[in-house]
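A short worksheet on the structure shown next.
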Amino acid sequence: MLSAQYAPGEVEQRRYEQWVADGLFTADAASDKPAFAIVLPPPNVTGSLHIGHALDHTVQDALIRRKRMQGFEALWLPGMDHAGIATQNVVERQLAASGQSRHDLGREAFVEKVWQWKAESGGKILGQMTRLGDSVDWSRERFTMDEGLSRAVLTIFKRLFDDGLIYRAERIINWCPRCLTALSDIEVEHSDDDGELVSIRYGDGADAIVVATTRAETMLGDTAVAVHPDDERYKHLVGTEVELPLTGRRIPIVADAHVDPAFGTGAVKVTPAHDPNDFEIGQRHGLPSLTIMDEHGVITVHGPFLGLDRFEARPAVVAALRAEGRIVAEKRPYTHAVGHCQRCGTTVEPRLSLQWFVKTEPLARAAGDAVRDGRVRVEPPELTKRYFGWVDNMHDWCISRQLWWGHRIPVWYGPQGEVVCVGPDEQPPAGDGWTQDQDVLDTWFSSALWPFSTLGWPDETPDLAKFYPTSVLVTGYDILFFWVARMMMFGLYAMDGRQPFDVVMLHGMVRDQHGKKMSKSFGNVVDPLDWIDRFGADATRFTLARGANPGADVPVSEEWVQGARNFCNKLWNATRFGLSNGATVEGDLPTGDLSTVDRWILSRLQHVIAEVDEQFEAYELAKVCDTLYHFAWDDVCDWYLELSKGAMTPQRQRVLGHVLDQLLRLLHPITPFVTEELWTTLTGAPTLVRASWPAADQALVDDAAEREVADLQRVVTEVRRFRADQGVKPAQKVVARLEGLDAAGLSAHEGLIRSLARLEAPGAEFAATAKLSVGVGVTVELDTRGTIDVAAERARLGKDQAAAEKEAAQCRAKLDNPAFTDKAPEPVVEKIRQRLAAAEADLARITGQLDAL
RNA sequence: GGGCGCGUAGCUCAGUGGAAGAGCACCCGCCUUACAAGCGGGGGGUCGUUGGUUCGAACCCAACCGUGCCCA
């Protein structure tokens, strides 16, 4: 027998272990069933799962579990990425605690240490995934640094290199002076920071020109001043030279169309080695690039400032200029966008350096085309614009990182300046003087291969044949650009134009109950493990799924997860009621001699199955949850079970068993644990994980039964309303006579109406003190023994009257308008006519009751 | 500065041309033998503002105000 309350802690771990032990999540590449595959966006091996992961995983698990039940060969492939910078940072911090640096250990020993950390940290995430109930295929778990995936990295690098799509060049890149590595554009986060805007006069007298800058210290590396070619103010100066203050160097004044004449004075200083725009100006005009900082952001030139950090150098340079009378204006604070390292927050320094790049133009065009021509669908479609915005304006991708943890760039340099890219099955060149590139690849370079490297590529494995392209990729819209675009580029390139996935389903970010971003500093972070401990995995999942409107952020709160927990408990108790009342799934579902109430609930069930299927296909998980929540709670619990109390028949027991069976199946993808526990108890079958998904049966749709029960509900509700307004206690029975049941087609349900509305049959001395007329044509005469509260009744009827009057007036206004009756479609006009008739009938009825009071 | 969203009940959100909805919160009454993690009833919104299109606008168009995100 089931306990009175659902206790998730007693169910979850046991069930999960059994599922895994039984191999229920293991996919079979040799199966004849159609494939449905999802690759899990790999979490960072260094991190832990936060509530955003829980959302992402819940959505994927719901999709994969349903497909598995639908008879697909369903594969959900898990794994992690190696998170180059983050992981190296963690291990370096550990070393620093004992006063060591990675250089003390040497490259090999350091990498060995990182592997140890990976074993420790990675296990944590895997444990968290089991707590969520993720139905992933653990036998196929992968890691971006494992042997197979590393081979994939080498293979694609070599292929891109040979195709001329990977090149090495000296460019301005984003440099983190703390992590001491290059970063790609997407590893830089911009924020509006307070700074200063300083206007500096270069040159003197008639030839003086004023430039404004937020980075005064970079003037030490200026090699030109630029103005717009059409700017009349400066035309006479173009081609001349001006003396650069503090340095004594003379620099040219050049004309460049990219200068905005409206900004500041219209003249800009040009520092090609420390600003990407200036670098381009420098290229166009053949200007030298003068690097004035080292890798730590420390000034390396010009005596007085030598050795100063860039942020110390700034005020020092301004002070020196002020001493020379060259500061024309200063604005402080001056808010402007500043780039920060995504990993450590340090202000990024644009730095001229020699790096490896992927030439993205042809790859990005193909990635855009795959969506443009419909081979890949983005859900929700509104977000395709953002996708195009990214792939159509992509810069070349800097892929080299000055780290030790990652895939080392497979390029060797020879003594004569040779550059050789070594493929996965090739031997590096032997002999003296050959060295391998010191750098490793961006983590995203290997993550971009995830949808096919995890399936065995570059080998032509059965997995790859069966499961590529994967069916749907689920991730947050915040990494649409970070990752999705790159998987598209590499997938299309490596797999001969075959897309890595058919659908990209984007969800939002989890926020708190006021729509605020979760952050440690704000103290509103939810730990999914904490919720699972306190409310259960199913409640946590349901809370997230119920908020998962496509593309929209998902607000959650403790109140809501309580509500979800309550819902799980409701299911528990509904099944408990069923079991103690003989609900069964044995034998065929009787269809011949069913009562109206049974036909009604079966009919409702068919609508719900159809709706849920539609909603799942549209990735509308929030709506799936809403539909099932209301069906379970309103239709099944509040009405069907209540109508069944004291009215159990063998047919009813079979129908009730069927309804519970189907409901639990429909909910299983969202709330796997409680449904598994209940369903196996109800049916005696071993597991719901691979039970078949319900299919709607049109033959069971019964409009007449639905109408009849709706009328029954209306009578009961009207009486309950009267009772509540009259202050009649719920337990108190009221003597009443029901009239008009025959005409309303409800005579068979008098007993049900009496029990749900708590009405007793009239005796000989019955004297009606109140008369209630329900819209469906039923009149209820009640004997309240003279305790009728006339004022309360008048108020109640008054409200009804006002509502009916308003309705009638609205309809009449429409029908009196010839423009409406002429132009509106006939069904609409007819509907309004019917509404008017109904409103007028209500009005007459209510007015009659008021008069009778 | 450029681009993309969003503004509907106290809170969080559905609804995208023909009757203003849900969950939670709130108010009233109840331990009615599945469930107090519950049951019954109820109040609450000129759908951001102003114009326009339409017989008809929360929904389409324009402008404005507020707000969020991405990019520079």
Side-chain angles (χ1 to χ4, degrees), chain A residues 2-6 185-186 189-190 260 262-263 276-277 336-337 339 382-383 385-386 389-390 393 477-478 480-481 508-509 511-517 535-536 539 543 546-547 549 551-581 620 622-623 625-626 629-630 633 637-638 641-642 644-646 716-717 719-733 755-758 796 799 803 806-807 810-811 813-815 817-825 827-829 831-832 834-836 838-839:
Chain A
L2 301 175
S3 60
Q5 282 189 345
Y6 173 54
D185 291 347
I186 60 175
E189 283 176 357
H190 293 270
D260 178 5
F263 181 78
N277 294 320
H336 63 128
E382 300 94 272
L383 286 170
K385 268 179 282 182
R386 283 173 76 163
W390 176 256
N393 298 293
Y477 62 73
D478 51 326
L480 177 63
F481 334 111
M509 291 154 68
R511 295 172 177 271
D512 74 7
Q513 66 267 47
H514 298 296
K516 281 212 169 60
K517 221 173 189 164
F535 305 106
T543 304
R546 202 178 190 187
N549 290 116
D553 286 338
V554 181
V556 299
S557 78
E558 191 152 322
E559 286 167 353
W560 300 341
V561 73
Q562 274 172 22
R565 186 262 322 258
N566 296 354
F567 177 61
C568 293
N569 191 52
K570 191 73 179 170
L571 282 180
W572 181 266
N573 274 290
T575 308
R576 199 155 79 97
F577 174 88
L579 289 169
S580 65
N581 282 277
E620 298 266 17
K623 294 198 170 91
C625 291
D626 203 53
Y629 182 93
H630 282 112
W633 206 307
C637 292
D638 286 351
L641 296 188
E642 292 303 325
S644 298
K645 282 181 180 172
V716 171
T717 302
V719 176
R720 283 174 173 171
R721 229 184 117 206
F722 171 85
R723 292 176 54 116
D725 287 343
Q726 285 294 319
V728 177
K729 301 288 183 208
Q732 187 186 333
K733 300 241 178 187
S755 79
L756 290 184
R758 308 219 146 228
R796 187 174 71 86
K799 258 180 288 179
K806 187 180 166 198
E807 168 77 355
Q810 277 177 351
C811 294
K814 285 193 177 193
L815 294 170
N817 180 359
F820 172 73
T821 46
D822 291 350
K823 295 190 182 178
V828 174
V829 177
K831 202 168 148 193
I832 299 292
Q834 285 174 10
R835 275 172 49 195
L836 176 60

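Letters go in sequence order (proteins before strands), and every chain restarts at 1. Basis for what follows: all heavy atoms, side chains included, without hydrogens, waters or symmetry-related copies.
- Here the separation of B:rG38 from B:rG21, taken at their C1' atoms, is 24 Å to the nearest Å.
- In this structure, the side chain to side chain contact (heavy atoms under 4.5 Å, CB included) partners of A:N277, at least two apart in sequence or on a different chain, are A:D275.
- Comparing B:rC13 with B:rU54, their P atoms are spaced 36 Å from each other, to the whole Å.
- Partner assigned to B:rA63 is B:rU49, using Watson-Crick or G-U wobble distances below 3.5 angstrom.
- Across the protein-nucleic acid pair, A:W572 atom CH2 and B:rG38 atom C1' stand 17 Å apart, rounded to whole Å.
- A distance of about 28 Å separates the C1' atoms of B:rU16 and B:rA25, rounded to the whole Å.
- With a 3.5 Å ceiling on both atom-pair distances, the Watson-Crick or G-U wobble partner of B:rC69 is B:rG3.
- Going from atom CG of A:D626 over to atom C1' of B:rC24 covers 13 Å, rounded to whole Å.
- Among the atoms of the strands shown, base atoms are found under 4.0 Å from some heavy atom of A:R565.
- For the P atom pair drawn from B:rC64 and B:rA9, the interatomic distance equals 25 Å after rounding to whole Å.
- Look at B:rC26: its Watson-Crick or wobble partner, with both distances under 3.5 angstrom, is B:rG42.
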Note to self: What does the B/S/- profile of nucleotides 26-36 of chain B look like, 5' to 3', with a 4.0 Å heavy-atom cutoff to protein?
What the structure shows: ---SS-B-BB-

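- Within 4.0 Å (heavy atoms only), A:R723 reaches no atom of the nucleic acid at all.
- Using cut-offs of 30° and 60° for the angle between ring planes, the A:W633 and A:F567 rings count as parallel.
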Using atom names, set out every protein N or O paired with an N or O of nucleotides 65-72 of chain B below 3.5 Å, distance rounded to 0.1 Å.
from: B:rA72; atom 1: OP2; to: A:H190; atom 2: NE2; distance (Å): 3.2

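- As the counterpart of B:rG56, no nucleotide is assigned, since no Watson-Crick or G-U wobble pattern has both distances under 3.5 Å.
- Rounded to an integer number of Å, the gap from A:H630 NE2 to B:rC24 C1' is 12 Å.
- Among residues two or more places apart in sequence or in another chain, the side chain to side chain donor-acceptor pair (under 3.5 Å) test is passed with A:R546 by A:D626.
- When the nucleotides B:rA22, B:rC13, B:rC24 are ranked by their closest atom to the side chain of A:P555, B:rC13 comes out on top.
- Nucleotide B:rC35 forms no Watson-Crick or G-U wobble pair with any nucleotide shown, as no partner meets the under 3.5 Å limit on both distances.
- Listed by chain and number, the residues in a side chain to side chain donor-acceptor pair (under 3.5 Å) with A:K623 are A:E620 (sequence neighbours excluded).
- The heavy-atom pair separating A:P555 from A:D512 by the smallest distance is CB-O, 3.5 Å.
- The side chain of A:K516 contributes no N or O atom lying less than 4.0 Å from OP1 or OP2 of B:rU12.
- With sequence neighbours left out, the side chain to side chain contact (heavy atoms under 4.5 Å, CB included) criterion links A:C637 to A:K570, A:A574, A:L641.
- Comparing A:E559 and A:T821 against RNA chain B, the residue whose closest nucleotide sits nearer the 5' end is A:E559.
- Separating the P atom of B:rG42 from that of B:rC55 is a span of 39 Å, rounded to the nearest Å.
- A:F567 places its CZ atom 12 Å from the P atom of B:rC24, with the value rounded to the nearest Å.
- For A:K385, counting side-chain heavy atoms from C-beta on, the closest listed nucleotide (B:rG38, B:rG5, B:rG43) is B:rG5.
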Notebook entry, point to check: Should A:V828 and A:F820 be marked as a side-chain contact (heavy atoms from CB on, under 4.5 Å) after you check the CA-CA gap, both sets of side-chain angles, and the distance that decides it?
Noted result: CA-CA 10 Å; A:V828 174; A:F820 172 73; 4.1 Å; yes

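- Under the salt bridge (Lys or Arg N to Asp or Glu O under 4.0 Å) criterion, A:E558 pairs with A:R534, not counting sequence neighbours.
- Among residues two or more places apart in sequence or in another chain, the side chain to side chain contact (heavy atoms under 4.5 Å, CB included) test is passed with A:P730 by none.
- For the pair A:R721 CZ and B:rG42 P, the computed distance is 6 Å after rounding to whole Å.
- Nearer the 5' end of RNA chain B, as judged by each residue's closest nucleotide, is the contact made by A:V556, out of A:Q562 and A:V556.
- Shown here are the side chain to side chain donor-acceptor pair (under 3.5 Å) partners of A:R720, two or more places apart in sequence or in another chain: there are none.
- B:rG51 and B:rA57 are spaced 14 Å apart, taking the P atom of each and rounding to whole Å.
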Distances under 3.5 Å only, N/O to N/O: pair up the protein atoms with those of nucleotides 18-20 of chain B.
from: B:rA19; atom 1: OP2; to: A:R835; atom 2: NH1; distance (Å): 3.3
from: B:rA19; atom 1: O4'; to: A:R835; atom 2: NH1; distance (Å): 3.3
from: B:rA19; atom 1: N3; to: A:E807; atom 2: OE2; distance (Å): 3.1
from: B:rA19; atom 1: N3; to: A:R835; atom 2: NE; distance (Å): 3.1

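- Between the CG atom of A:D725 and the C1' atom of B:rG40 there is a distance of 12 Å, rounded to whole Å.
- For the pair A:R758/A:R723, a side-chain contact is recorded, criterion being any heavy-atom separation below 4.5 Å from C-beta on.
- In this structure, the side chain to side chain donor-acceptor pair (under 3.5 Å) partners of A:K645, at least two apart in sequence or on a different chain, are A:E642.
- In terms of the side chain to side chain contact (heavy atoms under 4.5 Å, CB included) criterion, residue partners of A:A622 (sequence neighbours excluded) are, by chain and number, A:N549.
- Annotation: B:rC65 and B:rG56 have their C1' atoms spaced 28 Å apart (nearest Å).
- With a cut-off of 3.5 Å on both Watson-Crick or G-U wobble distances, the partner of B:rG21 is given as B:rC13.
- The separation between A:K623 atom NZ and B:rG21 atom P is 17 Å, rounded to whole Å.
- Straight-line distance between the P atoms of B:rA14 and B:rG40: roughly 28 Å, to the nearest whole Å.
- Atom C1' of nucleotide B:rG42 and atom CZ of A:F722 are separated by 16 Å, given to the nearest angstrom.
- Around NZ of A:K733, the count of heavy atoms belonging to other residues, nucleotides or ligands within 6.0 Å exceeds 12.
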